[in-house]
Every structure is written in C-alpha cells, then in structure tokens.
Amino acid sequence: MSNSSITQPDTTILVVGSTGKTGKRVVAQLEKRGLPVRHGSRSAERPFDWDNPQTWAAALTGVDMVYLTYYPDLAVPGSVDAVRTFTDLAKRAGVRRLVLLSGRNEAEAEKAERVVIASGLEWTIVRCAFFAQNFDEGAWLDEVRAGTVSLPVDQVQEPFVDADDIADVAVAALTDDRHVGQLYELTGPRLLSFREAVAEIGAAAGRDIAFVSMPIEEYRAMLAEYGLPHDFIWLLNHLFTEVLGSKAQLADGVQRALGRKPKDFTDYAREAAATGGWAPSL
Ligand SMILES: NC(=O)c1ccc[n+]([C@@H]2O[C@H](COP(=O)([O-])OP(=O)(O)OC[C@H]3O[C@@H](n4cnc5c(N)ncnc54)[C@H](OP(=O)(O)O)[C@@H]3O)[C@@H](O)[C@H]2O)c1
C-alpha cells in the first residue's frame, strides 16, 4: 500500500458501457473524484457502438485509461475479436491502462482476458459472478415486478455479486497502481440458490414473489413465445447450461482488492427494495 501511486487528476478515463450496471457506478465515482470521464455508449456525446467500429477511434482520442465492458456479453461469438481490435486501437491511441470487466466460468471471456493481458497495456481483470443487480436493473426486473420469476434452475447456487463492489474494484484499479497486473475474481460472501435469492427479494419488497423452476427446453420455448430475439435466447441458454452450476464457489477478489468483505445479498435486496423498483407492475 505504501508504494502505491495514485492516478493524476488530469487523467482522462473512457468508461465503455457508461450507462450500464457497473459503468454508471464507475462514472459516478470517478466524477466525484474530479477525474475527467469520457462516457462510452451509443447515447454518449461521442457515440460508441460495439457494432460500428468506426465509432471507436473518436471515443479513444485523448484517453489515458479505459474501463471496458463488452455488450451484450463476452460469451457471444465475435466478442474476442472485438476486444482484440479495440485493445490494439487503444494502444495506438496512447491508452496506458485498461480494466476489463469479465465473467466467471466462461471460455470466451477468458480468451478476451488473455488478449488484454498480452496487450502490453497496464491491465486489471475484474472477473465477476452473476450480478445481484440483474434482478432490479437488468433482465429479471420485469418478472420480479410481475410477481413470478421462472428460471431453468433449481438446486443451482450462485455467489451473487453486487455492482457497487464491482465498481469499487474497477475504480481502485483505475486510480491506484498497485492493482496493475491483478486478476480479481469477485463474488458475494455466500452461495444462494435462485429460489433463495427470489425469496430474499420478496421479503425485502414485502410481497409474495413466486419462483418457478422449469426444464431448459420449456424455458427456451417460453422466451420464444415472449418474442425475445434468437441471440438473447442463445445467451440465456448458454448462461444456464454452461456458466452457472456445479462450479459455483466463493472467491476473495473484493477482500483482496479492497481489504473488506463483499456486500451480502440481503443488504442488496433491502437497498433495492427501498427504491420502490420492485413494486408490482400494473
Ligand atoms: N450481468 C451479469 O450478471 C454479468 C456477470 C459477469 C460478467 N458480465 C459482463 O458484463 C458485461 C455487461 O453486462 P451487463 O449485462 O451488466 O450489461 P450493462 O453493463 O448493464 O449493459 C448496458 C450498457 O451497454 C451499453 N450498450 C448496449 N449496446 C451497446 C452497443 N451496441 N455498443 C456499445 N454499448 C452498448 C449500454 O449503453 P447504450 O444503450 O446507451 O448504448 C449500457 O451502457 C458483459 O460483457 C458481460 O459479459 C455480466
């Protein structure tokens, strides 16, 4: 700690996914510290679009560091090439440090990590479990509000991690040299089944929220009936058949990076419920 060097106040940091679950928290913290932030999303002043590589150079001009979140997911085909092309461009543009948001138990995500590690840039990998915020800021919000969460899992456990913890680690990596060259695996402090997580959400929100476990084939058919795009159904199928499951275990990334315990799911649920976002949908 005593040898750590802190990022200079004129360091410009590009946050890719600046309106996303972790990106918006990273932006808020960096701006609070008075660091110049370049917002990176399709709706930013200089739009950044993963599907349009011509937008990448403008977003990188004058940037010293990058917090990189890929969308929709590092698991999807093409993500590794996109990260490689982006990283090369970043290096040529004079970027010094890149912090990559990655996912656990995911082969393509690990390939993307290796691209960043081999890039010659200062790097930190923030490899995360399933975000707690998927339930109040992400794909499962509508089902929670409607009162029934249906998933193709039953006994599967996951150490849900809070996006506040992820942002704290990312900001530490962007502002303090001692995190350079570190791969942090971030999880919450305990394993929960999805049924238990939904029960905690119901208790915090003060309402009954049912959990329905269904076979994966039925789940895919339900998503198709909802009219969800094929790519999204592929991603959820991949998540529930390949990524989550027996390999779930706790990791010590939050403790190692920040010297404190990760936030518990009960605290997450209480805070999320207090915003009123889990009130029943009409
Ligand atoms: N969610 C999880 O549980 C989880 C767990 C581990 C790892 N991860 C990793 O986290 C990353 C982000 O996942 P997330 O689900 O939490 O999403 P998120 O960060 O909440 O994603 C939304 C962000 O992506 C931007 N975006 C959407 N489409 C874009 C495009 N075509 N080009 C550029 N930006 C675009 C959005 O901004 P605009 O709409 O304004 O463009 C917004 O800032 C993924 O790489 C995933 O592998 C997620």
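Atoms within a ligand are numbered from 1 in the order they appear, just like the ligands themselves.
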*Tell me, please: is Gly17 in heavy-atom contact with ligand 1, that is, under 4.0 Å?*
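Yes, that is the case, since the closest heavy atom of the residue is under 4.0 Å from the ligand.
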*Measuring from the heavy atoms of Ser18, does anything fall under 4.0 Å of ligand 1?*
yes
_Main chain of Phe130, side chain of Glu158: is a donor-acceptor contact present, judged purely on distance under 3.5 Å?_
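Yes, the answer is positive, given that a donor and an acceptor are paired below the 3.5 Å cut-off.
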*Can a donor-acceptor pair be found between the side chains of Thr266 and Arg190 at a distance below 3.5 Å?*
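Note: Thr266 and Arg190 side chains meet the donor-acceptor criterion.
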*Glu113 and Ser102: side-chain donor and acceptor closer than 3.5 Å?*
yes
Please state which part of [X] comes within less than 4.0 Å of ligand 1, counting heavy atoms only: side chain, backbone, both or neither.
X      : value
Ala109 : neither
Ser79  : neither
Ser102 : backbone
Leu101 : side chain
Asn134 : side chain
Ala75  : neither

Could you tell me the residue and atom name of the protein heavy atom closest to [atom], and the distance to it rounded to 0.1 Å?
atom                    : result
atom 31 (N) of ligand 1 : Asp49 OD1, 3.0 Å
atom 11 (C) of ligand 1 : Tyr70 O, 3.4 Å
atom 17 (O) of ligand 1 : Lys21 NZ, 3.5 Å

Is the closest side-chain heavy-atom distance between [X] and [Y] below 4.5 Å?
X      : Y      : value
Leu100 : Arg127 : no
Ile166 : Phe131 : yes
Val83  : Val80  : no

*Would you check the N or O atoms of Gly40, main chain and side chain alike, for any that come under 3.5 Å of an N or O of ligand 1?*
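By distance alone, the answer is no.
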*Please say whether Ala129 places an N or O atom under 3.5 Å from an N or O atom belonging to ligand 1.*
no
*Determine, for Arg114 against Glu108, whether the closest basic-nitrogen to carboxylate-oxygen distance falls under 4.0 angstrom.*
no
*Are Asp168 and Arg260 ion-paired here, with the side-chain N under 4.0 Å from a carboxylate O?*
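Yes.
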*Relative to atom 26 (N) of ligand 1, which among Tyr71, Trp50, Phe131 owns the nearest non-hydrogen atom?*
Tyr71
*Between Asn52, Val15, Thr19, which one has a non-hydrogen atom sitting closest to atom 42 (C) of ligand 1?*
Thr19
*asked:* I'd like to know whether Asp267 forms a salt bridge (charged side-chain N to carboxylate O under 4.0 Å, His left out) with Arg270, so could you lay out the CA-CA distance, the side-chain angles of the two residues, the decisive distance to 0.1 Å, and finally the verdict.
replied: CA-CA 5 Å; Asp267 296 323; Arg270 194 181 50 239; 3.0 Å; yes
*Of the options Thr175, Asp176, Asp177, which is the one that meets Ser5 in a side-chain hydrogen bond (donor to acceptor under 3.5 Å, both in side chains)?*
Asp177
*asked:* Show me which atoms of ligand 1 lie under 4.0 Å from any heavy atom of Gly103.
replied: 6 (C), 7 (C)
